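Contents: one structure, followed by commentary.
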There are 2 protein chains.
Amino acid sequence: MANQLNRLDQIFAALADPTRRAIVMRLCAGEASVGELADPFDMALPSFMKHIHVLEVSGLVESEKSGRVRTCRLSPDALVGAEDWFQQQRAIWEARLDRFEAYVMKLKKERAAKRPSRTTKKKGSE
Amino acid sequence: MANQLNRLDQIFAALADPTRRAIVMRLCAGEASVGELADPFDMALPSFMKHIHVLEVSGLVESEKSGRVRTCRLSPDALVGAEDWFQQQRAIWEARLDRFEAYVMKLKKERAAKRPSRTTKKKGSE
DNA sequence: CAATTGGTTAGCCATAGAGCTAACTATAGG
DNA sequence: CCTATAGTTAGCTCTATGGCTAACCAATTG
């Protein structure tokens with residue numbers, strides 16, 4: 001219950017760990033078995049498997065077992081989902097910058113029009 | 001010592017929490033005081049301040065205090081840095097897809113050239 | 001079939017994370 | 001000067017996370 005966190009939570013949490021980021025980077029270059037993935041890391045296998053599991057739960061990675069080897073691959077949808085979040089924020093941010101710039105422009109024009117000889121009206125916000 | 005984690009670790013960890021993501025989203029729309037930021041959240045102030053602190057340490061947010069009010073603003077560099085990570089991964093991923101596509105093309109051509117009348121050689125990897 | 005290889009399960013431990021209350025500091029306003 | 005406002009510090013809980021070992025399948029391979 002109440003444990004159904006947002007998918008973004010899990011994606012970002014997954015990517016917050018350098019080991020897991022390295023795994024994702026590795027998988028960007030193509031699928032690999034658990035053993036191959038684990039090899040570069042100085043870590044006991046069960047610990048490593050936990051990372052794989054976190055990545056799977058987050059939706060970043062999927063895997064399937066054939067014989068006794070489990071092959072992992074990247075599931076790019078989740079990555080793209082997270083990337084989208086950034087782009088949305090950037091869009092909002094840039095819109096704000098535009099508005100701000102427009103505001104500054106307006107101020108400049110007003111300043112050019114009225115000579116600053118009398119008490120200027122107090123500015124509202126921002 | 002050894003506690004000098006990668007900046008990406010901290011950025012992703014910061015963004016893994018819905019409260020903090022909401023703060024970042026709010027700040028995309030313009031700077032705000034701690035009180036204003038905290039208002040929508042049903043959380044004690046000290047708890048909330050911890051989130052602000054995490055965001056500051058990650059470099060996503062910066063703040064300054066004037067009088068008794070602390071004003072927070074987004075520091076977009078960190079956001080962009082994280083976004084870059086995604087774009088790099090996507091670039092690698094897409095390069096791989098291209099290579100894979102090229103490989104498939106090559107296979108097709110070879111298949112078209114040699115007639116499959118005799119035992120086809122076993123494929124190596126990928 | 002026996003031994004190896006490749007993963008998996010179970011369970012332990014230490015630390016970090018997210019929340020709380022209570023008490024404190026420091027400005028702003030009356 | 002007194003009080004209310006806006007943060008801040010200190011210190012406590014509880015859970016989640018990241019690591020380990022030991023023991024355990026289940027496919028290969030000799």
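Bear in mind that the values here come from a model prediction, so they are computed numbers and not experimental data. For the numbers below, each heavy atom of this structure counts, side chains included, while hydrogens, waters and symmetry mates do not. Chain letters run A, B, ... following the sequence lines, proteins first, then strands; residues in each count from 1.
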Which nucleotide, dG7(C), dG18(D), dT8(D), lies nearest any side-chain atom of Arg70(B)? dT8(D)
Can you tell me which residue pairs pass the ring pair (Phe, Tyr, Trp, His ring centres under 6.0 Å) test with a partner in residues 61-90 of chain A, sequence neighbours excluded? Phe12(A)-Trp85(A), Phe12(A)-Phe86(A), Phe86(A)-Phe86(B)
What is the distance, to the nearest angstrom, from the CD atom on Glu36(B) to the P atom on dA6(D)? 10 Å
Given atom CG of Leu45(A) and atom C1' of dC24(D), what is their separation to the nearest angstrom? 14 Å
Kindly state each residue pair satisfying salt bridge (Lys or Arg N to Asp or Glu O under 4.0 Å) with at least one member in residues 69-94 of chain A, sequence neighbours excluded. Glu31(A)-Arg73(A), Glu64(A)-Arg73(A), Glu83(A)-Arg90(B), Arg90(A)-Glu94(A), Arg90(A)-Glu83(B)
Using 0.5 Å steps for rounding, measure from the CD atom of Glu62(B) to the OG1 atom of Thr71(B). 12.0 Å
If you look only at distance, which donor and acceptor atoms sit under 3.5 Å apart when one is on a side chain in residues 15-30 of chain A and the other is two or more places apart or in another chain?
| unit_1 | atom_1 | unit_2 | atom_2 | d |
| --- | --- | --- | --- | --- |
| Asp17(A) | OD1 | Thr19(A) | N | 2.8 |
| Asp17(A) | OD1 | Thr19(A) | OG1 | 3.4 |
| Asp17(A) | OD1 | Arg20(A) | N | 3.2 |
| Arg20(A) | NE | Ala14(A) | O | 2.8 |
| Arg20(A) | NH1 | His51(A) | ND1 | 3.2 |
| Arg20(A) | NH2 | Ala13(A) | O | 3.1 |
| Arg21(A) | NH1 | Leu15(A) | O | 2.8 |
| Arg21(A) | NH1 | Asp9(B) | OD1 | 3.0 |
| Arg21(A) | NH2 | Asp9(B) | OD1 | 2.7 |

Any Arg7(A) side-chain heavy atom under 4.5 Å of Ile11(A) side chain: yes
Residues 34-43 of chain B, side-chain donor-acceptor partners within the protein, below 3.5 Å, at least two apart:
| unit_1 | atom_1 | unit_2 | atom_2 | d |
| --- | --- | --- | --- | --- |
| Glu36(B) | OE1 | Ser33(B) | N | 3.0 |

Hey, is the side chain of Ser47(A) poking within less than 4.0 Å of OP1 or OP2 on dG18(D), counting only N and O atoms? no
Pairwise side-chain contact, Leu60(A) with Ser75(A), heavy-atom cut-off 4.5 Å (strictly under): no
What's the spacing between Cys72(B) SG and Lys65(B) NZ if we round to 0.5 Å? 11.0 Å
Answer yes or no: is there a side-chain heavy-atom contact under 4.5 Å between Ser63(B) and Ile52(B)? no
How many whole angstroms separate atom CG of Asp39(A) from atom P of dT5(C)? 14 Å
In whole angstroms, how far is the P atom of dA18(C) from the CG atom of Asp9(A)? 11 Å
Out of dG19(C), dG7(C), dA6(D), which nucleotide sits closest to the side chain of Met43(B)? dG19(C)
In B/S/- notation (B base, S sugar-phosphate only, - none; protein heavy atoms under 4.0 Å), nucleotides 22-30 of chain C written 5' to 3' is B----BS--
Any residue in residues 48-60 of chain B with a heavy atom nearer than 4.0 angstrom to DNA chain D? Just list them by number, or reply none. Met49(B)
Asp42(B) CG to dT21(C) P, straight-line distance once rounded to whole Å: 10 Å
Rounding to an integer number of Å, can you tell me how far Asp17(A) CG sits from dG17(C) C1'? 15 Å
